[in-house]
Amino acid sequence: MKKYILIILSFYSPFIFSQKVESRRLTKPEISQRELENATEFPIYKAFEFSDKGGMYELVLGENQKTISKKDTLNTKIQAICVINDHGGFLEKWRINDLLENTTPKETNIWFWTKYCSTKDVDGDGYIDPVIVYGSRTEDGYIRRVKIITVYKNKKYVIRAVECDLDSCRSFEKDQNWNTLPQKIKTYVNQLLEKMRKEQDLLLKNG
């Protein structure tokens, strides 16, 4: 009688066990449920939750709402804080702080430009690469400063721009470490700059 040995080979895809990259905006009830109000000293403007190979993160954007009226809410300070869920608590990974500058014409408002912010895995390495955009306006209502901060592996790469009608007071500067970013991220941010130029009629350049 012949005997047959059945050999079962199991093939495991490495993608089955990899962390899925996801991102979404949190609702007000979800912000309260996660007790994120304690993460920032300012009222929360918007909050996002994202997960990647590093874990589950919360990104909180706070604006101090110094002047509140029926027409406008004006901020003198802003704060972005990214925390990771750590055994029921929060461990801060990085933060961004900024405030109005003493300029002529006078700055009267600073705010997060969430239309241009993103929490995506831009370079496809399984980790989210947050892009935080904010700006300031003068008392005349014109945009003065624009900052674009890309966070790659918990390190910040900043683009700073000052808008002005005169070449002498206009500026556009990328951090010295900018070129160390992966090409996919640099391309993404450069495309974002071009989009902002077209949609907001910004120059975003030197001279």
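For reference, positions follow the sequence shown, starting with 1.
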Passes side-chain contact (heavy atoms from CB on, under 4.5 Å), Thr67 versus Thr73? Steps please.
CA-CA 6 Å; Thr67 304; Thr73 299; over 6 Å; no
Between Glu63 and Tyr134, is the side chain to side chain donor-acceptor pair (under 3.5 Å) condition met? List the steps.
CA-CA 11 Å; Glu63 300 174 343; Tyr134 61 89; over 6 Å; no
If only atom types and distance count, is the side chain of Ser69 paired as donor or acceptor with the main-chain N or O of Asp72 below 3.5 Å?
yes
Do Arg197 side-chain atoms and Leu204 backbone N/O form a donor-acceptor pair below 3.5 Å?
yes
Should Arg160 and Val158 count as side-chain neighbours, where that means a heavy-atom distance under 4.5 Å?
yes
Do the side chain of Lys156 and the main chain of Ile96 share a donor and acceptor less than 3.5 angstrom apart?
no
If we ignore hydrogens and angles and just use 3.5 Å, is the side chain of Asp121 paired with the main-chain N or O of Gly126 as donor and acceptor?
yes
Hey, is the main chain of Ile110 close enough, under 3.5 Å, to the side chain of Asn75 for a donor-acceptor pair?
yes
Is there a side chain to side chain donor-acceptor pair (under 3.5 Å) between Thr40 and Gln79 once you walk through the steps?
CA-CA 7 Å; Thr40 175; Gln79 186 177 75; 2.7 Å; yes
Are more than 12 heavy atoms, taken from residues, nucleotides or ligands other than Lys174, located less than 6.0 Å from that residue's NZ atom?
yes
Phe42 vs Lys77 side-chain heavy atoms within contact, under 4.5 Å
yes
Is there a donor-acceptor contact under 3.5 Å linking the side chains of Gln183 and Thr187?
yes
Salt-bridge contact Glu199-Lys115 (side-chain N to carboxylate O under 4.0 Å)
yes
Do any N or O atoms from the side chain of Asp129 and from the backbone of Val122 form a donor-acceptor pair under 3.5 angstrom?
yes
4.5 Å side-chain heavy-atom contact, Leu91 and Val83:
no
Heavy-atom side-chain contact between Arg34 and Leu26 under 4.5 Å
yes
side-chain contact (heavy atoms from CB on, under 4.5 Å) between Trp178 and Val189: does it pass, once the steps are laid out?
CA-CA 11 Å; Trp178 174 260; Val189 176; 3.5 Å; yes
So, for Cys169 and Val162, which heavy atoms are closest and what is the spacing to 0.1 Å?
O-CG1, 3.6 Å
Which class fits the ring pair Trp113 and Trp111: parallel under 30°, tilted 30 to 60°, perpendicular over 60°?
tilted
So, do Lys153 and Tyr127 sit near enough that their side-chain heavy atoms are less than 4.5 Å apart?
no
If the threshold is 4.0 Å, N to carboxylate O, is there a salt bridge linking Arg25 and Glu49?
no
When every non-hydrogen atom of Thr103 is compared with those of Pro105, the smallest separation belongs to OG1-O, 2.7 Å
With the 4.5 Å side-chain cut-off for hydrophobic clustering, are Val131 and Ile149 part of the same group?
no
Paired with Ser136, the side-chain hydrogen bond (donor to acceptor under 3.5 Å, both in side chains) test is passed by just one of Glu163, Glu107, Lys147, Arg144, namely Glu107
Salt bridge or not for Asp98 and Arg145, using N-O below 4.0 Å?
yes
Does some side-chain heavy atom of Ile148 sit less than 4.5 Å from a side-chain heavy atom of Tyr116?
no
Taking Thr76's backbone N and O only, do any of them form a donor-acceptor pair with Asn64's side chain (distance below 3.5 Å, no angle check)?
yes
How far apart are the closest heavy atoms of Leu61 and Thr114, and which atoms are they?
CD1-CG2, 3.7 Å
Donor-acceptor pair, Asp52 side chain versus Gly54 backbone, under 3.5 Å?
yes
Is there a donor-acceptor pair under 3.5 Å between the side chain of Glu30 and the backbone N or O of Thr27?
yes
Is it true that a side-chain atom of Asn177 and a backbone atom of Thr180 form a donor plus acceptor pair closer than 3.5 Å?
no
Do the two ring centres, one from Phe50 and one from Tyr57, sit under 6.0 Å apart?
yes
